[in-house]
Novice: 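To start, I am sharing the structure in question, which I have written as structure tokens.
Sequential numbering from 1 along the given sequence is applied to the chain's residues.
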Amino acid sequence: MELSDANLQTLTEYLKKTLDPDPAIRRPAEKFLETVEGSQNYPLLLLTLLEKSQENVIKVCASVTFKNYIKRNWRIVEDEPNKIFESDRIAIKANIVPLMLSSPEQIQKQLSDAISIIGREDFPQKWPDLLTEMVNRFQSGDFHVINGVLRTAHSLFKRYRHEFKSNELWTEIKLVLDAFALPLTNLFKATIDLCSTHANDASALKVLFSSLILIAKLFYSLNFQDLPEFFEDNMETWMTNFHSLLTLDNKLLQTDDEEEAGLLELLKSQICDNAALYAQKYDEEFQPYLPRFVTAIWNLLVTTGQEVKYDLLVSNAIQFLASVCERPHYKHLFEDQNTLTSICEKVIVPNMEFRAADEEAFEDNSEEYIRRDLEGSDIDTRRRAACDLVRGLCKFFEGPVTGIFSGYVNSMLQEYAKNPSVNWKHKDAAIYLVTSLASKAQTQKHGITQANELVNLTEFFVNHIQPDLKSASVNEFPVLKADGIKYIMIFRNQVPKEQLLLSIPLLINHLQAESIVVHTYAAHALERLFTMRGTNNTTLITAAEMAPFVEVLLTNLFKALTLPGSSENEYIMKAIMRSFSLLQESIIPYIPSVITQLTQKLLAVSKNPSKPHFNHYMFESICLSIRITCKANPDAVGSFEEALFMVFTEILQNDVQEFIPYVFQVMSLLLEMHKNEIPSSYMALFPHLLQPVLWERTGNIPPLVRLLQAYLERGANTIASAAADKIPGLLGVFQKLIASKANDHQGFYLLNSIIEHMPPESVDQYRKQIFILLFQRLQNSKTTKFIKSFLVFINLYCVKYGALALQEIFDSIQPKMFGMVLEKIIIPEIQKVSGQVEKKICAVGITKILTECPPMMDTEYTKLWTPLLQALIGLFELPEDDTIPDEEHFIDIEDTPGYQTAFSQLAFAGKKEHDPVGQMVNNPRIHLAQSLHKLSTACPGRLDEYEFLQKAHIGNSCWQWIF
């Protein structure tokens with residue numbers, strides 16, 4: 001694409017169309033941009049557009065499109081083509097920083113993110129002047145520019161907060177500190193001074209405090225990995241000013257908005273975070289400053305209101321106290337009983353109250369409420385921080401704290417009992433207080449794993465939780481219902497099983513509650529209970545114990561999906577999946593109704609997939625329906641195909657990228673259920689599965705390979721006779737996969753199935769070329785993963801076609817190549833093969849080479865016979881060699897960049913491990929002994945059986961086969 005006005009105009013029109021709500025207009029425009037984004041100058045056209053366009057909406061759209069383009073394409077993946085022309089990369093890096101700094105804030109943020117994505121790949125090696133260019137802008141005096149630099153630096157350096165320690169990381173941080181720490185400190189001091197100068201200028205203060213927030217965030221990132229020497233030397237400057245800012249109260253910075261945090265609150269929140277970081281990680285160096293920060297933050301907590309805008313500040317302030325009280329040498333600050341009482345009364349209890357804002361979120365923004373309360377993303381909430389503080393205090397003062405809180409809990413429950421309809425919030429706070437007091441250790445997967453023994457959880461459950469859940473109306477006191485269900489969920493390991501069994505019908509009943517939070521919690525609680533382990537690694541709650549509730553459980557779960565706000569509720573769908581898995585054949589009578597509802601839901605959500613977890617559990621539920629039903633009645637597979645294929649066809653025709661990998665997995669499962677020849681409906685689809693466009697998306701590769709394997713297992717003869725012209729296409733797929741380090745193992749899966757199942761005559765003409773391709777890859781790019789797969793393949797080939805055929809095909813490519821492969825690959829590398837079936841294939845293949853290959857007995861290859869036998873014995877006896885060359889780099893299959901949907905494996909579509917030599921050989925050791933005996937009988941005097949068997953350590957069990 002040329003940098004021309006015509007192309008700019010075309011791009012403008014298509015960008016406008018991508019904003020159209022009508023999918024018929026929007027999707028073709030998105031497709032057009034997808035097709036042209038590989039063209040040279042495309043990113044430069046976007047940058048030109050966001051710089052020169054007269055329409056603000058186009059500027060913003062171009063900036064977002066550019067950022068997403070960079071996100072998808074900037075990383076260079078080994079074995080894959082460079083998706084951005086080198087000249088475009090150079091031009092982007094030359095122009096993006098000045099363009100970002102001169103853009104309005106909305107666009108500046110997008111370009112800043114793009115710079116950080118580029119920086120993650122190129123900085124510092126391929127973009128050495130980035131830091132200098134940014135630091136030089138500090139001298140401009142223009143805080144719009146300075147804030148642009150700070151924002152970019154923040155997005156570039158914040159990854160230091162979660163990166164693993166490495167020499168490469170230390171080197172980069174040192175480079176950044178050498179260039180950035182002093183200018184940042186000078187800017188910090190200068191900005192503080194300007195705040196004093198402009199103390200009465202509201203607009204100036206807003207800009208300056210925006211800078212201070214970013215500076216404080218950069219301080220956190222640069223200090224996270226370790227305490228840099230520069231910041232240790234300048235701690236007085238930073239901490240004195242941080243303390244002053246914590247105690248600052250300028251009326252001009254206060255906002256009337258009760259919801260949105262103002263600049264002052266955001267700055268103080270970040271300073272609390274910075275102080276907590278130093279208190280936790282650098283407590284010795286921070287000790288002189290700690291008392292004044294504790295005092296300032298305590299005063300902040302007791303003087304800050306209950307408005308939502310203060311939530312982040314209060315939660316960070318409480319987290320600071322929590323991090324301090326957990327440290328042994330700060331213990332003395334909290335020992336006094338009056339201090340503990342004061343903390344409980346003035347900080348913990350007030351911040352556990354259920355406020356009007358919480359009630360509003362519960363009713364009107366239930367998805368966000370659930371995300372925060374259930375999924376642990378409530379890290380910034382007052383309640384979570386207060387809970388962490390309770391846990392921290394209990395570390396050293398469990399008895400006194402439990403005693404103080406018990407009094408509060410009792411008085412709250414008494415208040416509730418006086419007038420439940422008015423005072424229900426008192427009970428909510430009491431339940432939360434008990435929960436935080438009793439929870440010593442907790443995981444998402446298992447709930448509470450360690451509880452406070454001073455709290456009687458079962459008694460509280462029976463007296464205060466069950467009565468709420470047993471009440472006649474499921475819609476009365478929804479918050480307390482949700483509290484009660486959550487109590488069951490998190491204390492499921494502490495509450496006795498008989499109480500859990502009594503709770504199950506109550507939870508099933510609450511699936512009908514109108515409140516989204518209540519019926520979601522009920523579904524989640526049931527799903528968690530169904531995953532609990534009992535004795536002998538079985539489920540704690542059995543299918544037999546659930547038998548009386550099967551019908552009402554399934555009815556209520558599917559009804560819950562029809563309740564307003566829950567049509568794509570992932571917790572309900574996960575509960576459906578888990579119920580199927582637990583109940584197994586008990587669900588068979590309900591399958592016709594269930595599969596109809598699941599198919600209708602699949603059709604509806606395929607129009608616009610938006611909830612990945614919901615979609616995943618839906619497909620898992622479909623797979624379970626198929627597995628359970630067809631296990632009892634294999635002929636039922638046809639009825640599932642009838643129900644699903646119409647929807648699958650629509651998904652494939654409409655190219656619903658999110659669902660295509662799932663569809664291939666379900667189709668594989670269905671096809672594998674067939675016992676006889678492959679149905680014609682599948683054969684009609686076969687040519688389409690070989691189309692290159694399908695294989696361009698990384699998420700399609702594993703399920704497509706599995707589907708092709710199913711075709712080969714069930715219909716190799718049909719393919720050979722009715723679709724022989726498609727065999728080159730099948731091998732073309734293998735050739736594409738084998739060229740990629742990320743996907744070569746998938747290529748071998750496909751190749752192994754071709755060798756195992758296809759009639760030999762149908763692939764005869766291609767065999768030599770297959771080996772040549774493999775040797776080319778071995779020569780150009782040898783990796784441990786490739787060698788392991790290659791070893792399994794050549795041994796499978798040997799098992800299928802015979803050792804002599806293997807020797808002949810090697811030597812037909814190049815004389816004496818068979819010996820080279822034995823000496824350089826099989827003998828030294830066989831120990832690296834892992835997996836029981838893979839080892840068995842290799843053992844049987846090598847046994848055939850040893851005992852059924854005449855050239856091994858009569859030519860120069862004979863010298864390799866003993867080393868090969870020893871290598872085979874090593875495969876039996878020695879531990880697996882899992883060493884990997886130091887410099888070898890494997891691309892994580894899940895980590896290849898791009899916009900394509902990542903592959904998500906369906907657990908319940910899992911394929912049984914296939915043993916291609918299972919019918920032929922049961923025990924490979926005994927097979928070796930038998931084969932050696934047969935060889936020695938055929939060639940008397942050529943082998944000393946006793947000597948070889950002694951070497952082989954094949955054990956006494958094998959001697960009966962010989963003597």
Side-chain angles (χ1 to χ4, degrees), residues 362-363 366 369-370 373-374 416 420-421 424 427-428 431 447 458 460-492 495-532 539-567 569-583 586-587 589-590 593-594 597 617 621:
F362 184 95
E363 291 170 0
S366 51
Y369 182 91
I370 292 163
D373 190 46
L374 210 54
Y416 166 74
S421 59
W424 60 267
K427 183 168 184 178
D428 167 79
I431 295 170
T458 306
F460 189 84
F461 174 72
V462 172
N463 293 337
H464 301 290
I465 301 295
Q466 265 187 354
D468 284 340
L469 298 179
K470 283 180 175 175
S471 70
S473 170
V474 293
N475 296 316
E476 187 184 33
F477 300 132
V479 175
L480 295 183
K481 302 276 194 195
D483 289 341
I485 295 168
K486 189 181 175 190
Y487 188 97
I488 295 171
M489 220 183 313
I490 63 174
F491 291 117
R492 58 187 182 275
V495 173
K497 180 181 174 180
E498 57 270 21
Q499 296 295 343
L500 295 179
L501 287 171
L502 288 172
S503 301
I504 282 173
L506 304 177
L507 293 172
I508 293 171
N509 196 31
H510 281 82
L511 290 168
Q512 301 176 84
E514 290 169 7
S515 163
I516 295 173
V517 176
V518 174
H519 63 242
T520 299
Y521 279 25
H524 189 50
L526 286 165
E527 190 273 330
R528 292 289 82 197
L529 294 182
F530 293 166
T531 57
M532 291 177 71
T539 54
L540 179 72
I541 292 164
T542 64
E545 287 165 334
M546 286 300 299
F549 313 117
V550 174
E551 186 170 350
V552 67
L553 171 65
L554 295 178
T555 302
N556 285 4
L557 279 169
F558 278 97
K559 268 188 187 172
L561 287 175
T562 65
L563 293 169
S566 279
S567 62
N569 187 315
E570 66 185 69
Y571 294 97
I572 298 170
M573 190 52 82
K574 193 176 185 183
I576 289 171
M577 175 196 79
R578 200 70 69 188
S579 302
F580 286 7
S581 180
L582 175 71
L583 298 170
S586 305
I587 68 165
Y590 309 98
S593 162
V594 157
Q597 292 179 76
Y617 301 134
S621 302

Novice: State, yes or no, whether a side-chain contact exists between Leu480 and Tyr416 at a heavy-atom distance under 4.5 Å.
Specialist: yes
Novice: Please report the closest heavy-atom contact between Ile485 and Val518, naming both atoms and the distance.
Specialist: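 Smallest interatomic distance, heavy atoms only, reads CD1-O, 3.9 Å.
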Novice: Kindly give the heavy-atom pair with the smallest separation between Val495 and Gln499, and that separation in Å.
Specialist: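 Closest approach of Val495 to Gln499: CG1-CB, 3.5 Å.
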Novice: Taking C-beta and beyond as the side chain, do His510 and Leu507 meet within less than 4.5 Å on heavy atoms?
Specialist: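 Side chain of His510 against side chain of Leu507, heavy atoms only: no contact under 4.5 Å found.
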Novice: List the atom of Ile572, the atom of Ala560, and the distance in Å for their closest heavy-atom pair.
Specialist: CD1-CB, 3.6 Å
Novice: Any idea which heavy atoms bring Ile508 and Asn556 closest together, and the distance?
Specialist: O-ND2, 3.0 Å
Novice: Nearest 0.5 angstrom please: Leu526 CG to Ile541 CD1, how far?
Specialist: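 These two atoms lie 8.5 Å from each other.
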Novice: What's the spacing between Ile576 CD1 and Gln597 CD if we round to 0.5 Å?
Specialist: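 Answer rounded to 0.5 Å: 8.0 Å.
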Novice: Measure the spacing between CG of Leu582 and CE of Met532 and express it to the nearest 0.5 Å.
Specialist: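 Here the rounded value is 12.5 Å.
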Novice: When you check the gap from the basic side-chain N to the acidic O, do Asp483 and Lys427 get nearer than 4.0 Å?
Specialist: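 Salt bridge: no.
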Novice: Can any side-chain N or O of Arg528 pair as donor or acceptor with the backbone N or O of Ala525 at less than 3.5 Å?
Specialist: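 No; zero donor-acceptor contacts below 3.5 Å.
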Novice: Is the shortest heavy-atom distance from the side chain of Thr458 to the side chain of Phe491 under 4.5 Å?
Specialist: no
Novice: Can you check whether Met577's main-chain N or O pairs, donor with acceptor, with Ser581's side chain at less than 3.5 Å?
Specialist: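 No; judged by distance alone, with no hydrogens or angles, the pair does not exist.
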Novice: Can you measure from CZ (Phe461) to CG (Leu469) and round to the nearest 0.5 angstrom?
Specialist: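 Interatomic distance, Phe461 CZ to Leu469 CG, rounded to 0.5 Å: 7.0 Å.
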Novice: How close do Ser473 and Glu476 get, counting heavy atoms only, and between which atoms?
Specialist: OG-N, 3.4 Å
Novice: Testing the basics here: between Ile370 and Tyr521, what is the closest heavy-atom pair and its distance to 0.1 Å?
Specialist: CG1-CE1, 4.0 Å
Novice: Which label fits His524 and Tyr571: parallel for a plane angle under 30°, tilted from 30 to 60°, or perpendicular past 60°?
Specialist: perpendicular
Novice: Within the structure provided, determine whether Phe580 and Leu554 are in side-chain contact (heavy-atom separation under 4.5 Å).
Specialist: yes
Novice: Counting only N and O atoms by type, is there a donor-acceptor contact under 3.5 Å from the side chain of Ser566 to the main-chain atoms of Asn569?
Specialist: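 Checking the backbone N and O of Asn569 against the side chain of Ser566, no donor-acceptor pair under 3.5 Å is found.
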Novice: Taking the side chain as everything from C-beta on, heavy atoms only, tell me whether Ile431 gets closer than 4.5 Å to Phe460.
Specialist: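 Ile431 vs Phe460: side chains touch.
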Novice: Taking the side chain as every heavy atom from C-beta outward, state whether Leu557 and Leu553 have any atom pair closer than 4.5 Å.
Specialist: yes
Novice: Output the distance between atom CG (Asn509) and atom OG (Ser503), rounded to the nearest 0.5 Å.
Specialist: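 It is 12.5 Å, given to the nearest 0.5 Å.
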Novice: What's the separation between atom CE in Met573 and atom CZ in Phe558, rounded to the nearest 0.5 Å?
Specialist: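 Here the interatomic distance stands at 6.0 Å.
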Novice: Under a 3.5 Å cutoff, is there a donor and acceptor pairing between the side chains of Thr531 and Glu527?
Specialist: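 Result is no, nothing qualifies.
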Novice: What I'd like to find out is whether the side chain of Phe530 reaches to under 4.5 Å of the side chain of Met546, using heavy atoms alone.
Specialist: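 Contact flag for Phe530/Met546 side chains = yes.
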Novice: Other residues, nucleotides and ligands only: do more than 12 of their heavy atoms fall within 6.0 Å of CD on Glu514?
Specialist: no
Novice: May I ask you to decide if Leu583's main-chain N or O and Ser586's side chain share a donor-acceptor pair within less than 3.5 Å?
Specialist: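 Judged by distance alone, yes, a pair lies under 3.5 Å.
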Novice: Are any non-hydrogen side-chain atoms of Phe477 and Ser471 less than 4.5 angstrom apart?
Specialist: no
Novice: Report yes or no: does His519 contribute a side-chain atom to a donor-acceptor pair with the main-chain N or O of Ala513 at less than 3.5 Å?
Specialist: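 Judged by distance alone, yes, a pair lies under 3.5 Å.
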Novice: Mark yes when over 12 heavy atoms from residues, nucleotides or ligands other than Glu545 sit less than 6.0 Å from its CD; otherwise mark no.
Specialist: yes
Novice: Does Leu540 offer a backbone N or O that forms a donor-acceptor pair with the side chain of Lys497 under 3.5 Å?
Specialist: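 Such a contact is found between Lys497 side chain and Leu540 backbone.
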